[in-house]
Number of protein chains: 2
Amino acid sequence: MLQTEILCQSPIFRGISPDDLRELFSRILYQVKTYQKNDLITIGGEICDRLLIIQQGSVKAEMTDYSGKTIKIEDLAAPWPLATAFLFGKENRFPVTVSATSEVEMVSIPKPEFVKLLQMNSLILNNYLNTISSRAQFLSQKLKFLSFKTIRQKIAHFLLEKAGDRLQTVEIMQTQGQLAEMFGVTRPSLARTLSEMSQEGLIEIDRRTIKIPDKNRMNQLLKS
Amino acid sequence: MLQTEILCQSPIFRGISPDDLRELFSRILYQVKTYQKNDLITIGGEICDRLLIIQQGSVKAEMTDYSGKTIKIEDLAAPWPLATAFLFGKENRFPVTVSATSEVEMVSIPKPEFVKLLQMNSLILNNYLNTISSRAQFLSQKLKFLSFKTIRQKIAHFLLEKAGDRLQTVEIMQTQGQLAEMFGVTRPSLARTLSEMSQEGLIEIDRRTIKIPDKNRMNQLLKS
DNA sequence: TTATAAATGTATCAAATGTTACAAACTGAA
DNA sequence: TTCAGTTTGTAACATTTGATACATTTATAA
């Protein structure tokens, strides 16, 4: 049984009224499947040719490693969609194995039918395009960050990004520990590098605010 | 002047006949702009509210760093689209500054008009979705690779990925130098680690083929 | 075959970062 | 204030990787 009041909360159907959504669904083919706790919903490696949206209950996504063991990746609950990034593109396979962690109702829309939905309603189209574009942008940012090798470079990038064109001082909201985790380094290593950069006059630290006296000099760090 | 014979070679319009494409364009608003060599086409940070496709000529994309200097990112030529990943999503700004490297004709389609195109033609819709999804998938893969810290882990991931479930031996097509570049490490470091792993019995190297006697043991490396 | 270039194996040393440990400074609640 | 928990600064040492150099092996073309 389709519950459009819930589905319209999903990122993909956001902004559509439950009634409109019901009307849209009446014009396509779809299934609502029920799973019991621990039932398998998708298997990693399986072809992804339909969009799955959790209508009721919660699931967990696990990845199978090379030795066959599974590692939990994330928990998802209604009304979230599954694997939106793998419905299109070159690699049309579920990257993860998904199983129910409670009684679950799953709306399953075959890819061609979902394409119809996208063409019928520009809001859905925009929502979906925004979802996967944002993901690509997020990944791109993350990748750029990781591309800086040394801790100094990561700090320089982080600070210059935060400062923008205008500001000369940056207010840090995270603890050193959180920053270190973002940077993928250990906390003492980050502290050491900050202290070194401070001694060299690259930055001036006062509690949670960091001043960059010479942005050009800081920028040099990103070159090598 | 719109040249649909060229545009239909573009990833976004692939599979559409020049005539059909002309008909589709007749139903939307668009512009064809001409630029002379060295003219600026987009400026980094500018709002990205239109799709740009190179119809004639070539351009270069440059990124402006914090000190105002520019670094060349890539060269693009007809019939390639620009910044497809930034038309939608949260960050609607061109990440790069694009300028003409020859006389250039650029087709400019405002975002709402492009959305119309997507809705009118399911092939264009599929092409576009495939383009940005593939990008997200590519980035995701790259990120996973970079998330392994030590060279041992990168090698283990690379080999296990190549071997899949079945095979016990992997044939390497690249030189060590190329592999090292993929991994983002120096060639001697890679060679040293390979030789250490070989001594420990983790792998057996014979020219370009590598055997993995114990995949479980290899898999352990990815855990810590 | 031979000459040449490319690829590989290996060694040494330096630099960067991780690991562990502990003290000092800060923060918030009783 | 006082005290417990968190955050920060810093030190000593281990580990990993980079940089450089050079000999050896392998591939390629004349």
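Predicted, not measured: the structure shown is a model, and the values here were computed from it. Within every chain, numbering begins at 1; the chains are lettered A, B, ... in the order of the sequence lines, protein sequences first and strands thereafter.
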Which nucleotides of nucleotides 7-19 of chain D have their base under 4.0 Å from a protein heavy atom (B), which only their sugar-phosphate (S), and which neither (-), written as one string 5' to 3'? SBBB-B----BBS
Verify the ring-centre separation between F183(A) and F148(A): is it less than 6.0 angstrom? no
Between the side chains of S58(A) and T101(A), does any donor sit under 3.5 Å from an acceptor? yes
Which heavy atom in G201(A) sits nearest to a heavy atom in R217(A), and how many Å separate them? O-NH1, 3.7 Å
Do E105(B) and I6(B) pass the side chain to side chain contact (heavy atoms under 4.5 Å, CB included) test, and can you show the C-alpha distance, the side-chain angles, and the key distance before you say yes or no? CA-CA 11 Å; E105(B) 281 176 29; I6(B) 294 173; over 6 Å; no
Would you mind reading off the distance between [X] atom [atom1] and [N] atom [atom2], rounded to a whole angstrom?
X       : N       : atom1 : atom2 : result
I155(A) : dT17(C) : CD1   : P     : 9 Å
I172(B) : dA7(C)  : CD1   : C1'   : 15 Å
M197(A) : dT17(C) : CE    : P     : 11 Å

In a check of side-chain contact (heavy atoms from CB on, under 4.5 Å) between L82(A) and each of I53(A), L51(A), I54(A), which one passes? I54(A)
